Amino acid sequence: MSVALNATEAGGFRRFLSDYAESPTAVVGLVLCILIVMTALIGPWFTPQNPYDLRALDLMDSRLPPGEVGTTGITHWLGTDDQGRDLLSAIVYGLRISLGVGVVAGVLALLIGTTVGITAAYFGGRVDTVIMRVVDFQLSFPAILLALILLAVLGQGVDKIVIALVAVQWAYFARTVRSAAVVEREREYIEAARSLGLSHRRVMFGHLMPNCTAPLIVVATIQVANAIALEATLSFLGLGMPVTQPSLGLLIANGFQYILSGRYWISTFPGIALLLVIVSINLVGDRIRDVLNPRLQR
Amino acid sequence: MTLFLLRRLLQGAIVVVVMSLVVFIGVYAIGNPVDILINPDATPEIKQQAIERLGLDRPFLEQYGTFVVRALQGDLGRSFIYDEPALKLILQAMPATLELAIASMVLALVFGIPLGMAAGYWPDSWGANVIMTGSILGFSLPTFWVGLMLIVLFSVELGWLPSGGRGETVVVFGVPLSFLTWNGLTHLFLPALNLALFKISLVIRLTRAGMRETLQQDYIKYARSKGLSRHRVVFVHAFRNILIPIVTVLGLEIGSVIAFAVVTETVFSWPGMGKLIIDSINVLDRPVVVAYLMLTVVMFVVINLLVDLTYSLVDPRVRLGGRPR
Amino acid sequence: MSIPALEVDDLQTHFLTRAGVAKAVNGVSFRVERGEILGLVGESGSGKTVTGFSILGLVDPPGQVVGGTVRVGGDVVSGLDDRAMARIRGKRVSMIFQDPMMTLNPVLRIDTQMIETIRAHETISVTAARARAREALALVGIAAPDERLLAYPHQLSGGMRQRVAIATAMLNRPEVIIADEPTTALDVTIQAQILYEVQELCRRFGTALVWITHDLSVVASLADRIAVMYAGRIVEEGPVDDVLDRPLHPYTRGLIDSVPQPGLRGGRLVPIPGMAPALVGLGEGCAFRARCARASMACASQPALRELRPGQRARCVHPLTVGSHAA
């Protein structure tokens with residue numbers, strides 16, 4: 001994996017950073033991304049409340065508007081939800097879950113999709129045709145429909161939703177890797193590696209794959225954002241996460257019924273958090289694509 | 001052409017079979033079919049009777065065979081909740097979904113094309129930047145959250161538009177339609193806009209790219225050299241060239257609009273197929289779920305088939321029209 | 001002296017690129033009388049096409065007309081806003097483009113594209129405009145014009161399309177037609193027919209024609225006068241026979257020698273050494289001097305365009321024939 005990175009090491013990476021920094025919005029996106037990840041990682045030590053600890057909750061505190069002080073003496077800067085959970089704390093914990101699910105699903109989809117894509121590109125011929133037929137067909141279905149089918153069949157739960165997300169997303173990785181690897185396959189060094197008698201696996205993963213890294217990084221970034229958005233959507237529809245550990249999508253869903261009565265904050269603040277996550281990841285992904293693209297064409 | 005059609009039909013058939021197996025295995029093998037097909041509130045005796053009637057004690061393949069034969073006859077089970085054939089329920093909800101989908105397609109064109117043209121005509125203006133940033137947001141924001149915000153803004157804060165339902169409908173050929181009454185139209189607007197946002201972004205991008213490419217063409221410069229007004233150059237010479245691909249692409253998106261209607265219908269309580277499936281999942285009305293999934297899979301196979309056909313029909317004309325140098 | 005149909009005076013068009021300013025048209029002046037055909041000759045990149053577009057105000061960014069005057073029938077048309085310019089384009093000055101495949105709009109019928117050209121400039125019924133379009137097609141030798149009017153461009157051959165473009169250019173009886181290599185993309189036989197027809201039309205209607213080309217043989221058979229461009233400047237100008245038979249500028253000589261001559265079988269072709277210069281950062285002095293066998297220190301300052309023979313002018317310190325003894 002590190003072959004390609006090593007080849008362009010140091011100078012290459014520095015140039016990548018300076019190219020990246022040319023877009024101020026993308027820099028803002030990156031800073032935001034880092035802040036969000038930091039919040040998800042260390043946030044729980046700083047939140048006023050553990051929203052999963054039912055003993056800490058008091059139903060008397062439910063649906064307090066932002067800035068109100070609850071019975072427990074905590075100031076609820078973003079208000080509370082219908083369970084009396086401090087929204088700020090719930091958002092930080094929900095962020096962990098949303099990011100966690102998105103990243104885990106993204107990584108699994110990346111592993112599966114890459115393997116399948118490399119296999120298709122390396123062996124070509126009938127293997128390639130069959131695999132890509134399946135990939136194309138799956139991609140012709142909207143992601144939400146596939147996820148819906150799977151969750152309707154599998155039922156609810158974190159594991160189920162990760163399975164559904166992976167099933168929806170592997171095909172994007174497979175297609176990306178395949179199209180990059182097919183070009184590389186024709187180069188001399190692959191021929192050389194093969195003639196040295198290296199095993200299929202060595203050639204595929206040791207030589208072919210490092211050259212697909214650039215497009216993979218781009219797709220991976222954007223697919224993590226998509227996974228987070230899809231998970232939120234599914235949770236909102238009531239098909240995703242269990243209610244005891246709400247992700248951002250479920251927090252929004254919980255507040256949905258109170259929107260019409262003017263208690264906007266229960267849905268709005270988790271929504272803004274979700275928005276920042278998705279938009280910042282997309283900004284970073286877009287920029288990486290723009291920066292890497294000319295080099296891919298080179 | 002016939003061979004191509006036959007091959008595609010065969011592929012479609014294979015997909016339907018595979019999907020029916022997935023759904024069947026999912027429902028019958030992974031879950032407990034008794035829970036799925038028989039009302040959980042039923043007494044043990046009734047359950048036992050039903051198991052025998054439905055042949056649930058039979059071997060797996062035989063059960064699948066019965067399932068397929070029934071499905072082909074249009075029998076996809078009965079709803080627990082409404083005690084009506086599942087297929088009938090879905091077909092009843094379909095016009096509402098189609099109305100929503102078509103309305104959002106229209107909105108996508110009405111908003112997307114002018115914005116995309118403006119952004120393509122003045123690519124470096126601040127207006128273009130605003131439009132393109134907006135389209136990035138339109139792509140990346142989750143539909144359901146945008147829907148909520150539309151409700152917060154237009155229904156709760158401003159009180160301009162209703163937050164849900166279909167409003168007054170007019171029955172045309174036995175199909176209730178919202179867009180024919182003012183009240184219905186006000187109910188239709190927000191959900192249609194919500195569903196359209198993604199497609200608006202898509203149309204903006206397509207139009208802008210098409211506009212920028214077209215404006216570089218010699219025939220645009222030639223049209224200008226003839227002394228035509230800017231208006232005519234843009235709206236006749238450039239527009240005609242970008243319209244066909246945009247409408248084609250958008251037509252292909254009808255399937256995804258119907259799929260995403262699930263989200264919008266839930267947010268806006270729009271009584272279409274999407275809301276029906278989500279409600280059915282939540283109350284474990286599984287025959288309806290199975291029926292919906294089978295129906296959608298068939299629908300998508302048909303749509304994909306039509307897409308392939310359209311492409312193969314459009315292609316030669318495209319080649320004749322603008323022969324690349 | 002009569003008023004010329006087209007008069008270009010010190011035209012300057014610059015391209016503001018990242019690498020610097022490219023002076024694509026750098027002080028070009030010429031005049032074309034009514035019914036006269038001027039061949040504007042040069043290699044690609046010499047600025048001849050940009051000159052054509054500059055006259056009509058059709059230079060796309062980053063290009064910009066930064067100076068000079070263009071007069072059509074004595075009226076200044078340079079520096080007008082786009083709306084005023086549109087009234088000139090297609091009415092008083094028409095243009096024919098290089099590639100007929102690319103210039104007709106693929107999704108509009110021929111009649112639409114011709115009728116709009118008339119109706120952009122005068123209030124006239126569609127029926128009357130159609131009759132005129134039909135007449136114009138017949139004029140350029142198109143058989144069954146009614147049928148062709150209803151055709152889409154892709155249903156016509158290349159030669160037919162270029163005839164349509166010529167007919168369209170003639171629709172409003174312009175004073176000037178600027179033709180940018182209109183026959184380069186066509187077969188040689190069709191090229192000859194079209195050259196002949198265009199010549200006839202210009203004589204008949206007194207239209208001034210600027211024929212932009214890189215092909216000296218086309219100019220030889222078509223033009224009355226010739227202007228040779230090099231690196232954004234006119235380096236030689238004069239009656240076509242004088243310039244082709246007795247060129248004054250070494251670059252013109254080089255161009256003539258690099259054209260195959262049917263009369264001289266087995267004669268040696270002499271390519272011009274080196275390449276056309278990059279326009280960015282082109283210093284003062286004769287731009288051709290790096291490729292010129294006659295270059296000297298004196299060439300480092302820009303020579304003026306001097307009349308060295310009656311009606312024949314060249315921009316050279318060491319012109320052939322006339323000044324060769326002095327050098």
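Computed from a prediction, not measured in an experiment: that's the story for all the values here. Here is how names work: the chains are called A, B, and so on, in the same order as the sequence lines, proteins then strands, and each is numbered from 1.
- Taking both residues in full, the closest heavy atoms of A:Phe236 and B:Val267 are given as CE2-CG2, 3.5 Å, listed atom of the first, atom of the second, then distance.
- Once rounded to the nearest 0.5 Å, the distance linking CZ of B:Phe144 with CG of A:Leu274 reads 5.5 Å.
- Of all the listed residues (B:Ile278, B:Thr133, B:Ile151), the one sharing the greatest number of non-hydrogen pairs under 4.5 Å with chain A is B:Ile278.
- Between A:Ile144 atom CD1 and B:Thr143 atom OG1 the span is 7.5 Å, to the nearest 0.5 Å.
- Of the two parts of B:Val262, the backbone and the side chain both hold a non-hydrogen atom closer than 4.5 Å to a non-hydrogen atom of chain A.
- Only the side chain of B:Ile136 comes within contact range of chain A, with at least one heavy atom under 4.5 Å from a heavy atom of that chain.
- The contact between A:Thr268 and chain B is made by backbone and side chain atoms together, counting heavy-atom distances below 4.5 Å.
- The environment of B:Arg205 atom CZ is dense: over 12 non-hydrogen atoms of other residues, nucleotides or ligands sit within 6.0 angstrom.
- The minimum heavy-atom distance between B:Ser256 and A:Pro142, with the atom names listed, is CA-CG, 3.5 Å.
- With values rounded to the nearest 0.5 angstrom, A:Leu237 atom CG is found 11.0 Å from B:Glu265 atom CD.
- For A:Leu276, no part lies near chain B; criterion is any non-hydrogen pair under 4.5 Å.
- Looking at B:Tyr292, the atoms closer than 4.5 Å to chain A (heavy atoms on both sides) all sit in the side chain, from C-beta outward.
- Residues A:Ile278 and B:Leu141 have side chains not in contact (no heavy-atom distance under 4.5 Å, counting atoms from C-beta outward).
- At a 4.5 Å heavy-atom cutoff, the contact between A:Ala232 and chain B is made by backbone and side-chain atoms alike.
- Ranking A:Leu234, A:Leu275, A:Asn282, A:Asp286 against chain B, the residue ahead of the rest is A:Leu275, based on heavy-atom pairs under 4.5 Å.
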